[in-house]
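To keep things clear, I will list the structure first and then write my remarks on it.
Proteins come first, then strands; the chains are lettered A, B, ... in the order of their sequence lines, and each starts at number 1. Here the structure is a predicted model, which is why all the values come from computation and not from measurement.
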2 protein chains.
Amino acid sequence: MNRTIDYYTELAQRGLQPSVQRVRILEFLHANRIHPTAEQIWLRLSPGMPTLSRTTVYNTLKLFAEAGIVQTLVIEEKEMRFDIDTSHHGHFSCDRCGTVFDFTASALSGAVPSELDGFEIRERHLYYKGLCRECRTKERRKG
Amino acid sequence: MNRTIDYYTELAQRGLQPSVQRVRILEFLHANRIHPTAEQIWLRLSPGMPTLSRTTVYNTLKLFAEAGIVQTLVIEEKEMRFDIDTSHHGHFSCDRCGTVFDFTASALSGAVPSELDGFEIRERHLYYKGLCRECRTKERRKG
DNA sequence: TTACAATTCTGTAATCATTCCAAATTGTCA
DNA sequence: TGACAATTTGGAATGATTACAGAATTGTAA
């Protein structure tokens, strides 16, 4: 199975020109389900593509978001994260290590409250914040 | 009823020194339930307090958040919003006019999925995005 | 293949919310 | 009042993201 071809055609099917940069970024998102930031993607790809520009990563991610290939996560202030899994699910962000975890969230698929009658809902997000299991243990050891 | 005194004591009770700046900012948050940004607060208060510094607004809001007086909302990229209502409720952000609406969200009070067993949950947020009623109507008129 | 147009990419400069920091001010309490 | 601590101020720094204009690449048609 040639994954590069897979992503190449995935882009073509969405009407996006499958440039080398776009394929690589899409490939990275599929292979690294860590809800990466643009910077993280750039850091990991640039060693193998020395001319890759940060701007290209940003542009490509915006393009992917508009095409519905990724969903954008605004959990922490400052940096935006990107999730190749566009299905309805919740996100837990650890305040200590920064890792973002997925969890199932039926609430996101349910009915919309009547207070929002007449509203057009385009995105639904459920975010939790706190300490992940590992960091919680570490915190306890310290104090 | 003297509101200034109310907020003065509210701060004192939380162990925060009730400086003029802090009381005014707290007062503003109670009177203007618009989930304002730090900049909005500064813009509205500075005419009456010419020496008020943006930094003070930021510092005070951080202080309030740590004291549990406000909750911080990270809905849009870039700017953070502050909500004096710390009860569990959802937020709808209009992509067009930027207004943030409240809605009741029982999902935020329910059980935590077993995937997060062992996690310490400090915050829960439910965010919807799209077009509010008014902006939806306007969009339709245009085409 | 060649040539031209359109698209994409690149890298630097700008933007803008937020934070840093050191000096000035204000508050507290003996 | 005096002295120390807490708070405020404003200008400089930070850092993610965007703007922009030129360079490179790709697509198309002869």
Pull out every residue in residues 46-62 of chain B that has a heavy atom closer than 4.0 Å to any atom of DNA chain D, ordered by number, or say none.
-> B/Thr51, B/Leu52, B/Ser53, B/Thr55, B/Thr56, B/Asn59
Within residues 65-82 of chain A: residues closer than 4.0 Å to DNA chain D (heavy atoms) | A/Lys78, A/Glu79, A/Met80
The helix from C/dT1-D/dA30 to C/dA30-D/dT1: angle between end helix axes, five pairs per end, rounded to 10 degrees | 20°
Round to the nearest Å and state the distance from [X] atom [atom1] to [N] atom [atom2].
{"X": "B/Glu39", "N": "C/dT15", "atom1": "CD", "atom2": "C1'", "value": "14 Å"}
{"X": "B/Ile25", "N": "D/dT7", "atom1": "CD1", "atom2": "P", "value": "13 Å"}
{"X": "A/Leu63", "N": "C/dT7", "atom1": "CG", "atom2": "P", "value": "13 Å"}
{"X": "A/Arg24", "N": "D/dT25", "atom1": "CZ", "atom2": "C1'", "value": "16 Å"}
{"X": "B/Trp42", "N": "D/dT8", "atom1": "CH2", "atom2": "P", "value": "16 Å"}
{"X": "B/Ile41", "N": "C/dT18", "atom1": "CD1", "atom2": "P", "value": "10 Å"}
{"X": "A/Leu45", "N": "C/dT10", "atom1": "CG", "atom2": "P", "value": "11 Å"}
{"X": "A/Leu16", "N": "C/dT7", "atom1": "CG", "atom2": "C1'", "value": "13 Å"}

Note: A/Arg81-A/Glu76 ion pair, threshold 4.0 Å (strictly below) | yes
Residues A/Glu66, A/Lys62: salt bridge by 4.0 Å N-O rule = no
Considering the options A/Phe92, A/Tyr128, A/Tyr127, which one meets the ring-ring contact (aromatic ring centres under 6.0 Å, His included) requirement together with A/Phe103?
-> A/Tyr128
In this structure, CD of A/Gln71 is separated from CG of A/Asp85 (nearest 0.5 Å) by 7.0 Å
First locate atom OG of A/Ser53, then atom OH of A/Tyr58, and finally report the distance between them rounded to the nearest 0.5 Å.
-> 10.5 Å
Is the shortest side-chain N/O distance from A/Gln17 to OP1 or OP2 of D/dT25 below 4.0 Å?
-> no
Residue-phosphate contact under 4.0 Å: B/Gln21 side-chain N/O, C/dT26 OP1/OP2 | no
Heavy-atom pair of closest approach, residues [X] and [Y]:
{"X": "A/Thr9", "Y": "A/Asp6", "answer": "OG1-O, 2.8 Å"}
{"X": "B/Leu29", "Y": "B/Ile84", "answer": "O-CG2, 3.5 Å"}
{"X": "B/Leu11", "Y": "B/Ile69", "answer": "CD2-CD1, 4.0 Å"}

Donor-acceptor contact below 3.5 Å, side chain A/Lys129 vs main chain A/Ile75 = yes
A/His89 vs A/His35 aromatic rings, parallel, tilted or perpendicular, using cut-offs 30° and 60°?
-> tilted
side-chain contact (heavy atoms from CB on, under 4.5 Å) partner of B/Leu45, the single match among B/Thr56, B/Val57, B/Leu52 = B/Leu52
Pick the nucleotide of DNA chain C nearest each of B/Ala38 and B/Val20; which residue has the one closer to the 5' end?
-> B/Ala38
